[in-house]
Amino acid sequence: MKKILLRFFGLIVILILAFGWIVLNPKPAFAQINTINYNNINLENRDFSHADLAGVTFVAAEMRGTNFQGANLTNAILTKGVLLKANLEGANLTGALVDRVTMDGANLKNTIFTEATLTRSRFYDAEITGADFTDALIDRYQVSLMCERADGVNPVTGMSTRDSLGCR
């Protein structure tokens with residue numbers, strides 16, 4: 001009986017300490033402090049050229065004609081975005097999540113997409129000269145379409161667009 005009471009008392013103490021820790025330290029474990037969110041917003045024709053947008057989220061944002069030339073979009077999230085005829089020339093999207101994004105007619109010249117996730121995204125008529133897709137995750141169909149027009153070498157990474165896409 002003594003062991004049972006001792007275990008019960010120990011359990012109560014642990015629960016009180018856990019509850020106190022949660023109340024006194026309410027920050028979620030995966031919270032991103034000071035992150036800017038442009039979610040579900042119209043950003044058509046906005047100018048973000050040469051801006052530091054590392055880690056910023058643009059989920060389901062309307063970004064037709066938006067200028068991201070030379071912007072730092074490292075680890076940014078652009079899921080479900082619309083970037084029709086947007087300018088991303090020389091932008092850095094290393095490690096970015098660019099899932100289900102429409103980039104038809106976009107200027108991606110010299111853009112860095114190393115280690116980016118570009119699944120279910122479209123690049124019809126996009127200018128990809130000098131873009132670096134090294135270790136990026138891209139749908140095979142889009143890769144085959146881009147290989148037909150892949151050309152150039154990225155001036156920052158020195159990687160050829162054809163090699164980064166794995167074109168034959």
Side-chain angles (χ1 to χ4, degrees), residues 29-168:
F30 298 107
Q32 293 180 349
I33 299 170
N34 300 326
T35 299
I36 298 171
N37 296 312
Y38 292 106
N39 299 338
N40 297 306
I41 192 167
N42 186 344
L43 299 170
E44 275 188 77
N45 302 310
R46 294 274 298 268
D47 186 9
F48 291 103
S49 58
H50 305 286
D52 184 4
L53 302 167
V56 173
T57 62
F58 296 90
V59 176
E62 176 67 51
M63 298 173 279
R64 294 172 197 254
T66 300
N67 185 8
F68 288 103
Q69 184 173 4
N72 177 14
L73 290 157
T74 304
N75 298 318
I77 300 172
L78 291 98
T79 303
K80 298 182 186 176
V82 178
L83 285 157
L84 291 169
K85 298 185 178 179
N87 182 11
L88 287 99
E89 184 172 343
N92 185 354
L93 283 95
T94 299
L97 176 60
V98 189
D99 179 60
R100 293 174 281 172
V101 175
T102 304
M103 291 194 197
D104 299 353
N107 178 4
L108 306 176
K109 187 176 181 181
N110 300 325
T111 301
I112 300 170
F113 287 107
T114 57
E115 299 177 1
T117 302
L118 304 161
T119 52
R120 295 192 288 172
S121 293
R122 290 182 8 183
F123 303 91
Y124 301 144
D125 299 320
E127 171 61 55
I128 61 167
T129 302
D132 184 353
F133 296 95
T134 302
D135 296 327
L137 185 59
I138 312 168
D139 297 334
R140 274 191 264 172
Y141 179 70
Q142 289 298 318
V143 170
S144 67
L145 292 176
M146 287 192 288
C147 281
E148 292 174 6
R149 62 186 193 281
D151 192 28
V153 174
N154 188 282
V156 175
T157 65
M159 178 63 83
S160 97
T161 301
R162 292 191 63 76
D163 289 344
S164 72
L165 285 168
C167 301
R168 294 180 181 157

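- Applying the salt bridge (charged side-chain N to carboxylate O under 4.0 Å, His left out) test to pairs two or more places apart or on separate chains, none has a residue in residues 107-118.
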Let's go through Thr129 and Thr161 carefully: what are the C-alpha distance in whole Å and the side-chain angles of both, what is the deciding distance for side-chain contact (heavy atoms from CB on, under 4.5 Å) to 0.1 Å, and is it a yes or a no? CA-CA 7 Å; Thr129 302; Thr161 301; 5.9 Å; no

Identify each donor-acceptor pair in which a side-chain atom of residues 138-145 lies under 3.5 Å from a protein atom, sequence neighbours left out, and give them as a table.
unit_1: Asp139; atom_1: OD2; unit_2: Arg120; atom_2: N; d: 2.7
unit_1: Gln142; atom_1: OE1; unit_2: Phe123; atom_2: N; d: 3.2
unit_1: Ser144; atom_1: OG; unit_2: Tyr141; atom_2: O; d: 2.7

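- Taken to the nearest 0.5 Å, the CG atom of Asn110 stands 12.0 Å off from the CG atom of Asn92.
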Taking it one step at a time, do Asp99 and Thr119 satisfy side chain to side chain donor-acceptor pair (under 3.5 Å)? CA-CA 5 Å; Asp99 179 60; Thr119 52; 2.5 Å; yes

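- A distance of 8.5 Å separates CZ of Phe58 from OG1 of Thr66, quoted to the nearest 0.5 Å.
- Rounding to the nearest 0.5 Å gives a distance of 11.0 Å between CG of Asp135 and OG1 of Thr117.
- Among residue pairs with one or both ends in residues 48-96, none qualify as disulfide (SG to SG under 2.5 Å); sequence neighbours excluded.
- Listed here is the closest heavy atom pair of Met63 and Gly81: CE-CA, 4.0 Å.
- Phe133 meets the ring-ring contact (aromatic ring centres under 6.0 Å, His included) test with Phe113; sequence neighbours excluded.
- Considering only residues two or more places apart in sequence or on other chains, Glu89 meets the salt bridge (charged side-chain N to carboxylate O under 4.0 Å, His left out) condition with none of them.
- Residue pairs meeting the ring-ring contact (aromatic ring centres under 6.0 Å, His included) criterion with at least one partner in residues 79-107, sequence neighbours excluded, do not occur; the list is empty.
- With a 4.5 Å cut-off on side-chain heavy atoms, Leu73 and Val98 do not count as touching.
- With contacts defined as side-chain heavy-atom distances shorter than 4.5 Å, the pair Leu93/Phe68 does not qualify.
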Between side-chain atoms of residues 48-55 and protein atoms elsewhere (two or more places apart, or another chain), which donor-acceptor pairs fall under 3.5 Å?
unit_1: Ser49; atom_1: OG; unit_2: Asp47; atom_2: OD1; d: 2.7
unit_1: Asp52; atom_1: OD1; unit_2: Ala54; atom_2: N; d: 3.4
unit_1: Asp52; atom_1: OD1; unit_2: Asn72; atom_2: ND2; d: 3.1

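- Taken to the nearest 0.5 Å, the CG atom of Leu118 stands 6.0 Å off from the CE atom of Met103.
- Within a 6.0 Å radius of CG in Asn45, more than 12 heavy atoms belonging to other residues, nucleotides or ligands are found.
- Of all heavy-atom pairs spanning Thr111 and Gly90, the tightest one is OG1-N, 3.8 Å.
- For the residue pair Leu78 and Val101, the shortest heavy atom distance occurs at O-CG2, 2.7 Å.
- Panel note: side chain Asn39, backbone Val59; a donor-acceptor pair is recorded below 3.5 Å.
- Within the structure, disulfide (SG to SG under 2.5 Å) contacts touching residues 127-168 (residues at least two apart or in different chains) are Cys147-Cys167.
- Listed by first then second residue, pairs satisfying disulfide (SG to SG under 2.5 Å) with a partner in residues 77-124 number zero, not counting sequence neighbours.
- Note that CD1 of Ile112 and CG of Asp132 are 6.5 Å apart. Values are rounded to the nearest 0.5 Å.
- Contacts of Arg122 classified as salt bridge (charged side-chain N to carboxylate O under 4.0 Å, His left out), with partners at least two apart in sequence or in another chain: Asp104.
- Going from atom CD1 of Ile128 over to atom CG of Asn107 covers 11.5 Å, rounded to the nearest 0.5 Å.
- Scanning all heavy atoms of the two residues, the minimum distance from Ala126 to Arg149 falls at O-NE, 3.1 Å.
- For residues 44-89, no residue pair satisfies the disulfide (SG to SG under 2.5 Å) rule, not counting sequence neighbours.
- For the side-chain hydrogen bond (donor to acceptor under 3.5 Å, both in side chains) with Thr114, the qualifying choice from Thr94, Thr74, Asn154 is Thr94, the only one to do so.
- The salt bridge (charged side-chain N to carboxylate O under 4.0 Å, His left out) test applied to Arg64 returns Glu62, not counting sequence neighbours.
- When all heavy atoms of Arg100 and Ser121 are compared, the pair lying nearest together is N-OG, 3.4 Å.
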